[in-house]
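Note that ligands are numbered from 1 as they come in the structure, with each ligand's atoms numbered from 1 the same way. All figures in this text were calculated on a predicted structure; none of them were measured in a lab. Counting from 1, the numbers follow the sequence of the chain as shown.
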Amino acid sequence: MRIDNNVMPVRAISCAPFTDQRMGTAGLRKKVRVFQQPHYLETFLQAVLDTLQLPPGSTLVLGGDGRYFNREALQTLIRMTAAAGVRHLVVGQDGLLSTPAASNLIRMRKAHGGFLLTASHNPGGPDGDFGIKFNMANGGQAPQAITDAVFRASQALRGYRIAELPVIDLSRCGTQQHGPLRVEIVDPVADYQQLMERLFDFGRMADWVKAGNRVVFDAFHGITGPYARRILADTLGCAMADLLHTNPLPDFGGLHPDPNPVEGRHLVELCAGAAAPALAAASDGDGDRNMILGPACPVSPGDSLAIMLAGAALIPGYRQGVPGVARSMPTSRAVDRVAADLRIPCFETPTGWRFFCNLLEAGRIGLCGEESFGTGSSHAREKDGLWAVLFWINLLAVRSEPLPEVVAAHWRRYGRHYFQRHDYEIADAAHGTDLMEDLRSRLGSLPGSDLGIARVDLADDFHYHDPVDGSESPHQGIRIVLDGGARLVYRLSGTGTSGATLRIYLEKFEDNPAMLDCSPDEALRPLGKLAAHLAAIEAHAGLTQPTLVV
Ligand code: VG1
Ligand code: CO
C-alpha cells in the first residue's frame, strides 16, 4: 500500500457504544475475550483520543508487556492514533516496553503521552486478561478527572476512525515513514539502562557481585527478562543461570506474574535453605512491581520502602536526600517512622500510583511505595520493579552486611510493623459492595468500642485531598485504628476482571526487642479473625478463609 506524504487515508466505522469501559486502579482491564469483541478495543481507544484532543502532529509512546493480544492491539493502536492526527510514534521493539521504561521514554522524548498494553500482574493468554493504561505527558497514568471523562465519552460514542495502513513490522529498530506518520522502533532497554546508571553505582555493585554475592531474579516470563539480562547479567555480572523465566511469553508460560510470596514460593523456599543467594527478587508482568528476599528473610514491601528511605543517602542518585515520601493508605506505616526521624513530610495517598504523580511533579516527594510490592522514586512516574532490585543491590554493596542483618538492625532501631494482606475472592460482585456498605454504615458506632483485643481509636472512610491540585477523592478504603496502634483497612480491588476482591490489610506495631522475630502469621492471627468477624464476611460472602494471604 502506498500512502501520500501528506494525507493519511482514514475510514470512519459506525458502531454502538459499550457500557463497561470504566478504568480501574490502573487502566482498563478485561478478559481477553471481552477485548476481542468486534469494535471493543477501537471504541475505548477512540474515547481516550476524543478526551485527550491531542494537538495535530503529536508524538506518542507505545509498548506493552508482551502478553497475548498485544500484537493485534498494537497494530490497531497505530492505525487509530494515526487517524487522530498523531505523526510520530515511538514504539518498543517487538512492541515491548516495561511500564517504568515507557514512563521514562515519554518524559525523555517529550511525548504527549503513551499507551501501555498490559494487565500488569493479572494472568495472560487467551483465557486470561488484557488491559490498557494511558499515561500523560508527565509520564504518569491518567488522573481520575481524565479517566472519568473517557468513560463518559465511551458511553456517547457512535463509531471510530481508523487509518488505512499496512501491517507495521515492529521487529527491527529504526525509523519507518508511512505517509505523514513516522514510526520509530526503539531498543526497549537502552534508555532505561542509562537512567539506572545515573542513579546507581554500577561499579561498586559489579564488585559486590564479583565478590561472590549471588543474585537470583525471576521475570515470570513477563517484560523484565530482557532488562534483567542486559543490566543484571551483562553489566553487573550476575550469572545468567540465576535469571529465571527471562523470555517474555504471551501467556507467561502459564505462570501468574505476580511477585509475592505465594506466586514466588520457589524463591521463598530457595532463600530458606542452605543455598540461599545474597538477594532474590522478582517482578510482575509489566515490570513495575518487585519482591525482595534475602537468606531466610522475605522483606515486606512496607519494610522495603522504609529501609530504602533510611539508606537513601548511601545511593548516588539520592545522596542529596529526598524532600518527602509517600505511601498508599493501606501500606504499612513503617516508612512514617523513618520520615519523622529524618524530619521530612510523609504523605498518605489512595491506592494507585497515579496519586503519587502530582507530589512527584511538584518536587514534594522523592520516594514512594505501595504494599502491593510496588516501590518507586522521582526518576519515573510509575513504580519500578528492577529499579528497586538495583537499589537493594547498591544498598547491600555499600553496607557490606547481609540483607537479614540490614533488616534486623532496622527493626531494632525503629520497631517492626507486622503486615499482611488477606484477599477474599467474592464470586458475586454485589455481595462485595453490600459488605462494604454494611461496614461503612457501622463506622460511626465503632470509635470507643471494645473489640476484645483493643478499643477502637478511629474508624473512617479514607478521603484524600490532593495537596497539589486540590482534587478530592472520597471512599478510598475503610480504616479502623485500634488503641495501641494496630490497624485494619478494607477496600475492594479495582484491577480484577470478574466478581469482587475484598482486600483486608492488617498491621501491628511491635517495639519489644523480644518480639521482633515472630512470623507475621502468628503476630497477626487475632487481627485477621477480628477483621473477618467485623465485616461479617461469612454472612455476606459465605467465605470462612481468605483466598490469598501475602
Ligand atoms: C492493585 C494494587 C495497587 C496497585 C494496582 C496496580 O490495585 O493494590 O497497589 O497500584 O494494583 O498495580 P487493586 O485496586 O487491585 O488493589 V499493577 O502492577 O497491577 O499496574
Ligand atoms: Co504491574
Side-chain angles (χ1 to χ4, degrees), residues 22-29 63-67 97-103 116-124 128-135 140-142 144 147 219-220 222-224 227 252 256-260 263 282-291 301-302 305 326-332 348-357 368-376 380-388 419-426 429 432 436 462 473 475-478 489-505 547-548 550:
R22 187 191 282 282
M23 287 186 249
T25 314
L28 184 71
R29 287 187 202 177
D65 59 6
R67 73 176 54 225
L97 276 180
S98 79
T99 290
S103 177
L116 284 60
L117 303 182
T118 173
S120 188
H121 62 289
N122 295 25
D129 294 342
F130 181 75
I132 302 183
K133 297 180 181 176
F134 180 77
N135 289 34
Q141 285 174 48
Q144 183 89 39
T147 57
F220 286 118
I223 188 65
T224 47
Y227 294 82
F252 304 117
H256 182 178
D258 192 352
N260 65 46
E263 300 305 332
S283 190
D284 70 335
D286 65 330
D288 55 0
R289 297 187 179 203
N290 73 89
M291 175 173 67
L305 177 62
R327 58 163 174 81
S328 66
M329 184 273 278
T331 302
S332 101
E348 184 175 43
T349 57
T351 296
W353 206 260
R354 57 189 170 162
F355 290 101
F356 294 133
C357 292
C368 41
E370 296 194 280
E371 61 65 46
S372 52
F373 300 82
T375 337
R381 296 294 176 268
E382 290 277 9
K383 54 189 185 277
D384 190 344
L386 205 55
W387 165 88
F419 188 90
Q420 260 184 354
R421 191 181 85 218
H422 290 192
D423 285 351
Y424 289 81
E425 295 296 339
I426 303 175
M436 287 296 283
F462 182 57
S473 302
H475 307 303
Q476 295 296 324
I478 290 174
V489 172
Y490 300 78
R491 56 180 286 281
L492 294 176
S493 156
T495 57
T497 57
S498 64
T501 304
L502 171 68
R503 300 202 198 280
I504 303 184
Y505 309 85
T547 325
L548 176 75
V550 291

**Request:** Flag the pair Asn260 / His121 as yes when at least one side-chain heavy-atom distance between them is below 4.5 Å, and no otherwise.
**Result:** no
**Item:** Residue portion contacting ligand 1 (non-hydrogen atoms closer than 4.0 Å) for Ser493
**Value:** both
**Fill in**
For OD2 in Asp284 and OD1 in Asp286, the angle at the Co ion (ligand 2) (nearest 10°) is 90°
**Message:** As an exercise, identify every atom of ligand 1 less than 4.0 angstrom from a heavy atom of Arg29.
**Reply:** 17 (V), 19 (O), 20 (O)
**Prompt:** Nearest protein heavy-atom contact for atom 20 (O) of ligand 1: which residue, which atom, what distance?
**Reply:** Lys133 NZ, 2.7 Å
**Prompt:** Asp384 pairs by side-chain contact (heavy atoms from CB on, under 4.5 Å) with which of Ser283, Ser103, Pro100, Ser98?
**Reply:** Pro100
**Message:** Looking only at protein heavy atoms, which one is nearest to atom 2 (C) of ligand 1, and what is the separation?
**Reply:** Ser372 OG, 3.5 Å
**Prompt:** What's the shortest distance from atom 19 (O) of ligand 1 to any protein heavy atom, and which residue and atom give it?
**Reply:** His121 ND1, 2.5 Å
**Distance from atom 6 (C) of ligand 1 to nearest protein heavy atom, with residue and atom** = Lys383 NZ, 3.6 Å
**Request:** With heavy atoms of Ala26 as the reference, note each atom of ligand 1 found under 4.0 Å away.
**Result:** 6 (C), 20 (O)
**Whether Ser372 side chain and Gly374 backbone form a donor-acceptor pair below 3.5 Å** = no
**Message:** Can you classify the ring geometry of Tyr505 versus Phe419 as parallel (below 30°), tilted (30 to 60°) or perpendicular (above 60°)?
**Reply:** tilted
**Shortest protein heavy-atom distance from atom 4 (C) of ligand 1, along with the residue and atom involved** = Glu370 OE1, 3.5 Å
**Message:** At less than 4.0 angstrom from any non-hydrogen atom of Asp288, what atoms of ligand 1 do you find?
**Reply:** 18 (O), 20 (O)
**Message:** Tell me whether Asp288 is salt-bridged to Lys133, with the criterion being a basic N under 4.0 Å from an acidic carboxylate O.
**Reply:** yes
**Request:** Would you mind checking which non-hydrogen protein atom is closest to atom 17 (V) of ligand 1, with the distance to 0.1 Å?
**Result:** Ser120 OG, 2.6 Å
**Item:** Pairwise side-chain contact, Thr25 with Arg491, heavy-atom cut-off 4.5 Å (strictly under)
**Value:** yes
**Request:** For Asp286 and Ser120, test the side chains for any donor-to-acceptor distance below 3.5 angstrom and give the result as yes or no.
**Result:** yes
**Contact flag Thr99/the Co ion (ligand 2), N/O/S atoms, threshold under 2.8 Å** = no
**Asked** Closest to the Co ion (ligand 2), which N/O/S atom of Asp288 is it?
**Response** OD1
**Message:** Run the side-chain contact (heavy atoms from CB on, under 4.5 Å) test on Thr349 and Gln476 for me, step by step, so that the C-alpha distance in whole Å, both residues' side-chain angles and the decisive distance to 0.1 Å come before the verdict.
**Reply:** CA-CA 9 Å; Thr349 57; Gln476 295 296 324; over 6 Å; no
**Beyond-backbone contact of Phe130 with Leu117, side-chain heavy atoms, under 4.5 angstrom** = yes
**Item:** Residue portion contacting ligand 1 (non-hydrogen atoms closer than 4.0 Å) for Asp284
**Value:** side chain
**Message:** I need the Ser473 OG to Phe462 CZ distance, nearest 0.5 Å.
**Reply:** 9.0 Å
**Request:** Please work out whether any backbone atom (N, CA, C, O) or any side-chain heavy atom from C-beta onward of Arg354 is under 4.0 Å from ligand 1, and answer side chain, backbone, both or neither.
**Result:** neither
**Asked** Do the charged groups of Glu348 and Arg327 touch, with an N to O distance under 4.0 Å?
**Response** yes
**Message:** Taking only non-hydrogen atoms of Ser328, do any sit less than 4.0 angstrom from ligand 1?
**Reply:** no
**Request:** Could you tell me whether Thr25 approaches ligand 1 through its side chain, its backbone, both or neither, with non-hydrogen atoms closer than 4.0 Å?
**Result:** side chain
**Complete:** the protein heavy atom lying closest to atom 7 (O) of ligand 1 turns out to be Thr495 CG2, 3.5 Å
**Asked** Do any heavy atoms of Gln141 fall under 4.0 Å from ligand 1?
**Response** no
**Request:** Scan side-chain atoms only and decide if Thr375 and Asn290 contain a donor-acceptor pair under the 3.5 Å cut-off.
**Result:** yes
**Fill in**
Checking Gln141, Arg354, Glu382 against Asn135 for side-chain hydrogen bond (donor to acceptor under 3.5 Å, both in side chains), the one that qualifies is Glu382
**Message:** Could you identify the single nearest non-hydrogen protein atom to atom 11 (O) of ligand 1 and state the distance to 0.1 Å?
**Reply:** Arg289 NH2, 3.0 Å
**Prompt:** Quick one: does Gly494 get an N or O within less than 3.5 Å of an N or O on ligand 1?
**Reply:** yes
**Request:** Please determine if Thr351 has a nitrogen or oxygen closer than 3.5 Å to a nitrogen or oxygen of ligand 1.
**Result:** no
